[in-house]
Student: 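The following block contains the structure, expressed as structure tokens.
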Amino acid sequence: MGITQRDLQVIRYLEKGFLLNTEILSRLIYWTGNKKSSLSVTQRRLKELYNLKQVKRIRQFVGQPFIYYLGKTPTKSEHRLAMSDFLSQMTIHGFEIILDETQTEYKELEKKYSIRPDMVVTFKYKDDYYRALVEIDLTKKFTHADEYTRFLKDRREGKVPYLKDYKLALVSVCDVQPDMRCIWVKPDWSNFSNFTSTFEKL
């Protein structure tokens, strides 16, 4: 069959530093509207990509799902998979990821504000485009509230020369609700409706 357009999307995500597994990809790229059929399609396509040497894969023990990657053997895989899984949840809830304008480890805010968002996600919802700064904290509470508050204030006042072209949201993925205004999502995605409802209201 060769490589399909959706297969090329998988490779593009890996090239941008995301880690992926079958379950995540079944939602992010190969979603059919049905969980079982989506997983079946994903398994076939990943096997083909691996056989064609387009992707690498690793697992720590038999029975664990393979993690797919490019480049060096990945570290901090749980955190990086959560980043991809967040995007997969967006996809099945009707958000269109603009991958060319999405990146991991956003460093532009680090020098002035001492913050480095895990992701800047550009996406389309209905007829509008947005950006989200996403912080994923799987083992601790949301941090840097003061720094983000200062950045968002500066942005409102027109003092920030970047991230100006779309409406911007701050997303915290963690177990405990942050004590600042942001979109709070639990790591098990059980309250992902917090994310979707925010953009339903806009």
Side-chain angles (χ1 to χ4, degrees), residues 1-32 35-36 38-92 95 97-111 114-123 131-144 171-175 185-189 192:
M1 182 176 181
I3 296 175
T4 68
Q5 286 299 313
R6 290 195 292 182
D7 297 341
L8 289 174
Q9 280 187 277
V10 175
I11 295 170
R12 287 178 63 218
Y13 271 97
L14 296 177
E15 287 174 341
K16 292 181 78 74
F18 289 97
L19 297 183
L20 301 165
N21 62 27
T22 303
E23 187 172 333
I24 290 170
L25 280 170
S26 72
R27 294 184 292 267
L28 182 62
I29 304 293
Y30 299 105
W31 184 244
T32 67
K35 181 177 179 180
K36 185 176 180 179
S38 298
L39 281 169
S40 178
V41 170
T42 305
Q43 288 165 350
R44 289 200 307 271
R45 297 314 308 152
L46 286 175
K47 183 178 180 181
E48 179 76 2
L49 285 172
Y50 180 72
N51 289 339
L52 291 171
K53 302 187 185 306
Q54 296 298 307
V55 300
K56 299 178 181 179
R57 68 185 188 186
I58 189 174
R59 62 182 177 185
Q60 293 179 326
F61 50 84
V62 175
Q64 183 189 49
F66 282 109
I67 295 171
Y68 292 84
Y69 69 99
L70 293 177
K72 297 180 180 179
T73 304
T75 59
K76 299 182 180 179
S77 58
E78 184 180 11
H79 184 264
R80 291 172 65 189
L81 286 170
M83 292 161 60
S84 303
D85 204 3
F86 180 84
L87 299 184
S88 82
Q89 295 297 322
M90 288 182 65
T91 299
I92 63 173
F95 296 87
I97 310 298
I98 311 301
L99 185 56
D100 287 342
E101 298 183 42
T102 294
Q103 67 183 83
T104 62
E105 295 277 327
Y106 186 73
K107 300 177 181 178
E108 294 295 330
L109 308 180
E110 191 169 25
K111 184 175 181 179
S114 300
I115 49 179
R116 184 193 291 186
D118 292 311
M119 292 189 290
V120 174
V121 183
T122 305
F123 59 96
R131 276 210 173 99
L133 301 179
V134 183
E135 284 280 3
I136 296 181
D137 298 291
L138 299 179
T139 59
K140 60 183 187 297
K141 297 189 296 183
F142 177 74
T143 55
H144 301 299
V171 182
S172 171
V173 179
C174 61
D175 283 320
V185 178
K186 294 181 180 180
D188 63 1
W189 318 125
F192 200 82

Student: Any side-chain heavy atom of Leu70 sitting closer than 4.5 Å to one from Phe18?
Tutor: no
Student: Which distance, rounded to the nearest 0.5 Å, do you find between the CG of Leu20 and the CZ of Arg57?
Tutor: 14.5 Å
Student: Treating Thr102 as the side-chain partner and Thr122 as the backbone partner, does any N or O pair qualify as donor plus acceptor under 3.5 Å?
Tutor: yes
Student: Restricting to salt bridge (Lys or Arg N to Asp or Glu O under 4.0 Å), what partner residues turn up for Asp188, sequence neighbours left out?
Tutor: none
Student: Rounded to the nearest 0.5 Å, how far does CZ of Arg59 lie from CD1 of Ile67?
Tutor: 11.0 Å
Student: List for me each residue that meets ring-ring contact (aromatic ring centres under 6.0 Å, His included) alongside Tyr68, sequence neighbours excluded, and say none if there are none.
Tutor: none
Student: Can you confirm whether Trp189 sits close enough to Val173 that some side-chain heavy atom of one is under 4.5 Å from a side-chain heavy atom of the other?
Tutor: yes
Student: Between Lys141 and Cys174, is there a donor-acceptor pair closer than 3.5 Å when you use the side chain of the first and the backbone of the second?
Tutor: no
Student: Applying salt bridge (Lys or Arg N to Asp or Glu O under 4.0 Å), can you list everything that pairs with Glu108, at least two apart in sequence or on another chain?
Tutor: none
Student: Kindly indicate whether the side chain of Leu133, heavy atoms from C-beta on, has any atom under 4.5 Å from the side chain of Leu109.
Tutor: yes
Student: Do the side chains of Phe123 and Glu101 get nearer than 4.5 Å, heavy atoms only?
Tutor: no
Student: Start with the C-alpha distance between Gln54 and Ile11, add both sets of side-chain angles, then the distance that settles side-chain contact (heavy atoms from CB on, under 4.5 Å), and finish with yes or no.
Tutor: CA-CA 8 Å; Gln54 296 298 307; Ile11 295 170; 3.8 Å; yes
Student: Measure the shortest side-chain to side-chain distance between Leu46 and Gln43 over non-hydrogen atoms and say whether it is less than 4.5 angstrom.
Tutor: no
Student: With side chains defined as the heavy atoms from C-beta onward, is the minimum distance between Lys16 and Thr104 less than 4.5 Å?
Tutor: no
Student: According to side-chain contact (heavy atoms from CB on, under 4.5 Å), who are the partners of Asn21, at least two apart in sequence or on a separate chain?
Tutor: Glu23, Ile24, Leu81
Student: Which heavy atom of Met119 sits nearest to which heavy atom of Phe86, and what is that distance?
Tutor: CE-CD2, 4.0 Å
Student: Just by modelled atom types, is the Leu138 backbone N or O under 3.5 Å from a matching donor or acceptor in the His79 side chain?
Tutor: no
Student: Just how far is it from atom OH of Tyr69 to atom CZ of Arg80, taken to the nearest 0.5 Å?
Tutor: 10.5 Å
Student: Start with the C-alpha gap between Asp85 and Arg27, add the side-chain angles, then the distance that decides, and say whether side-chain contact (heavy atoms from CB on, under 4.5 Å) holds.
Tutor: CA-CA 9 Å; Asp85 204 3; Arg27 294 184 292 267; 2.6 Å; yes
Student: With a 4.5 Å cut-off on side-chain heavy atoms, are Asp100 and Arg12 touching?
Tutor: yes
Student: For the atom pair CG (Leu49) and CG (Leu8), what is the distance rounded to the nearest 0.5 Å?
Tutor: 8.5 Å
Student: Who are the side-chain contact (heavy atoms from CB on, under 4.5 Å) partners of Thr91, not counting sequence neighbours?
Tutor: Leu28, Ile97
Student: Taking side-chain contact (heavy atoms from CB on, under 4.5 Å) as the test, write out the residues that go with Lys107, two or more places apart.
Tutor: Glu110, Arg116
Student: Drop me the distance from Ser88's OG to Tyr13's OH, to the nearest 0.5 angstrom.
Tutor: 9.5 Å
Student: Does any part of the side chain of Val134, heavy atoms only, come nearer than 4.5 Å to the side chain of Met83, both counted from C-beta?
Tutor: no
Student: Roughly how far apart are Thr4 OG1 and Ile29 CD1, rounded to 0.5 Å?
Tutor: 9.5 Å
Student: Determine the minimum heavy-atom distance between Thr42 and Thr22, stating which atoms define it.
Tutor: CG2-O, 3.4 Å
Student: Looking only at the side chains, is there a donor atom on one of Thr32 and Ser38 sitting less than 3.5 Å from an acceptor on the other?
Tutor: yes
